[in-house]
Amino acid sequence: MATLRQWIEGFPEAPAPRRWFLAGTSIVVCAVALVVVLLLGAGHGDGLAFAFHLVVVLGALSALLCPVPAAATMGVLLQLSATYPELQSPIMVFGVLTTVVLVALRSAPAVSAVCAVALWYLALTSVTSKDFFPDDGETAAILGALLLAGWAGALVLRETLIKRRQESTQFTRRLEDERERTVKALHGSVAASLTSVVLRSESMAMKAEDSSREESLLIAEDARRAMREVRELIHYMRTDSESAFESSAMREPYTLYENLTTITGKLRSHGFTVVDSGVNEETLSCIQLAHGYTVFRELKTNILKYADRSKPVIVAVVNEDDTLTVAIQNTIAGGEPGVHMTTEIGLKDAAELVESDGGALSFTSDGTTWRCELAFPSRAHS
């Protein structure tokens, strides 16, 4: 399959795969030999004419795979039809024209020109009858004009295809160059900046008081996660592999239990008091979320930005009526949010991601409290 794809991508200049070339040549040669044997040994009936014209068609089409052998085969067939007039028909004219066109499309102009002239000559002469010069000028002129038109049209098409492929190759090369420059920019600027953030955060953690040391370490952890995602992005841009872009940070945690315990742990590390109820590993681990990391990161970010740190965050899990519901509630802090952060997705996007995982995400607020609920069919995941 790889050889076939390379041949198609390199058409019309690329030679046919070797096994195709040999197979096409062998079939045509054997078919011609069979026709010759039939002509020499048997009668010249309708069955022989049908077989002969079938060989003509196959010989013409084989020029796609083996241009020069196909032209030689057509020359032999032309001489056979000149020797046995009952085999002559309009199919021979179309066979010669098709061969000239395909040979011109698949071979260099000089080679195809020689083949076209040779076929024109063999179509108008007969070696067995010792007619070495065309005896009908009008027929020779008409046939020559047809072959010349087909040959010239095929050359134009060949040059057009070659030019378009070259332009496509140049465009692809430019895209690769731009992508490589982008990769170098990501690696040289973004990765270096994140490395600096990690080092400075860890340095601050070493010198800071206990109250701010955890904050500095969390900053360093988030920077490391971002570095991993940048590396995965760079690898994806260099390999075009979708799986390469699925970073470990975005693959894990995968179950609802892992996501829920991760968000509660993050909130506690940021100084929030988290009161949880019904968080059961056996029940919640049965529900798998392909987009859990992204969704819960958005929920955590909204709590960090808008929740009152002096009030507890309540996390409750209720499993009843074939529906498992996870409720997260917090008190809204007064004034403008003191933390400026974003996950680059909104609550509407998060709800769509949960829906794609087979659940539902809803939000309610009465001005003082904010509550979100994730609902999943409990039986569907058990």
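The figures here come from the full heavy-atom set of this structure, side chains too, leaving out hydrogens, waters and symmetry mates.
Once rounded to the nearest 0.5 Å, the distance linking CG of L105 with CG of L64 reads 7.5 Å. Rounded to the nearest 0.5 angstrom, L289 CG and S356 OG are separated by 9.0 Å. The structure places CG of L77 at 10.0 Å from CG of L58, a figure rounded to the nearest 0.5 Å. Separating the CZ atom in R158 from the OG atom in S112 is a distance of 7.5 Å, to the nearest 0.5 Å. In this structure, OH on Y306 lies 10.5 Å from CH2 on W370, to the nearest 0.5 angstrom. To the nearest 0.5 Å, atom CZ of residue F52 and atom OG of residue S81 are 5.0 Å apart.
A heavy-atom distance below 4.5 Å is not found between the side chains of R371 and I328. Inter-residue side-chain proximity for L161 and R164 is flagged as unmet; no heavy-atom pair is nearer than 4.5 Å. Proximity of T125 to P134: side-chain heavy atoms (C-beta onward) are separated by under 4.5 Å at one or more points. Put simply, the side chain of T325 does not reach to within 4.5 Å of the side chain of F376, judged on heavy atoms. A 4.5 Å side-chain heavy-atom check between L256 and L324 finds at least one atom pair inside the cut-off. In this structure, the side chains of M74 and V56 come closer than 4.5 Å at one or more pairs of heavy atoms. At a threshold of 4.5 Å between non-hydrogen side-chain atoms, the residues N280 and V317 do not count as touching. With a 4.5 Å cut-off on side-chain heavy atoms, Q79 and L122 count as touching.
Distance alone, capped at 3.5 Å, is enough to place a donor-acceptor pair between the T264 side chain and the T261 backbone. A side-chain donor-acceptor contact under 3.5 Å links S62 to the backbone of G59. A donor-acceptor pair is defined here as one N or O able to donate and one able to accept, closer than 3.5 Å; such a pair exists between the side chain of D366 and the backbone of T368.
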Could you walk me through whether T369 and I332 pass the side-chain contact (heavy atoms from CB on, under 4.5 Å) check? CA-CA 5 Å; T369 60; I332 301 175; 5.7 Å; no
Could you check L353 against T294 for side-chain contact (heavy atoms from CB on, under 4.5 Å), going step by step and ending with a plain yes or no? CA-CA 9 Å; L353 292 176; T294 303; 3.9 Å; yes
List the steps and the verdict of side-chain contact (heavy atoms from CB on, under 4.5 Å) for I287 and T255. CA-CA 6 Å; I287 300 178; T255 66; over 6 Å; no
Residues D177, E180; criterion side-chain contact (heavy atoms from CB on, under 4.5 Å); working and verdict: CA-CA 5 Å; D177 292 340; E180 187 62 26; 5.7 Å; no
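Between R181 and E178 there is a salt bridge, since a side-chain N of the basic residue sits under 4.0 Å from a carboxylate O of the acidic one. Using a cut-off of 4.0 Å between Lys/Arg side-chain N and Asp/Glu carboxylate O, K300 and E298 are scored as not salt-bridged.
N259 and T262 share no side-chain donor-acceptor pair at under 3.5 Å.
Residues A63 and L102 come closest through the heavy atom pair CB-CB, 3.6 Å. The two atoms that bring W151 and P109 nearest to each other are CZ2-O, 3.9 Å, heavy atoms only. In plain terms, the two heavy atoms of P69 and C66 that are nearest each other are CD-O, 3.5 Å. Closest heavy-atom contact between V354 and A360: CG1-N, 3.6 Å. Annotation for F296 and L260: closest pair CE2-CD1, 3.9 Å, computed over non-hydrogen atoms. Contact detail for Y257 and E281: the closest heavy-atom pair is CD1-CA, 3.4 Å.
At most 12 non-hydrogen atoms from other residues, nucleotides or ligands lie less than 6.0 angstrom from CZ of F171. In this structure, F363 places its CZ atom where more than 12 heavy-atom neighbours from other residues, nucleotides or ligands lie under 6.0 Å away.
In the hydrophobic clustering of ILVMFWY residues, with side-chain heavy atoms under 4.5 Å counting as a link, V295 and V279 come out together. The cluster map of Ile, Leu, Val, Met, Phe, Trp and Tyr, joined by side-chain heavy atoms under 4.5 Å apart, puts V274 and I263 in the same cluster. V114 is not connected to V103 by any chain of hydrophobic side-chain contacts under 4.5 Å among Ile, Leu, Val, Met, Phe, Trp and Tyr, and they are in different clusters. No chain of hydrophobic side-chain contacts below 4.5 Å, direct or via other Ile, Leu, Val, Met, Phe, Trp or Tyr residues, connects I314 to V326. Linking Ile, Leu, Val, Met, Phe, Trp and Tyr whenever their side-chain heavy atoms come within less than 4.5 Å leaves V96 and I142 in two separate clusters.
Considering V313, N302, L267, D308 in turn, V313 is the only one that fulfils the side-chain contact (heavy atoms from CB on, under 4.5 Å) rule with N330. With respect to L147, the side-chain contact (heavy atoms from CB on, under 4.5 Å) criterion is satisfied by exactly one of L97, V117, T99: L97.
Partners of Q88 under the side-chain hydrogen bond (donor to acceptor under 3.5 Å, both in side chains) rule, at least two apart in sequence or in another chain, do not exist in this structure.
Listed by first and then second residue, the side-chain hydrogen bond (donor to acceptor under 3.5 Å, both in side chains) pairs involving residues 136-148 are D136-T139 (not counting sequence neighbours).
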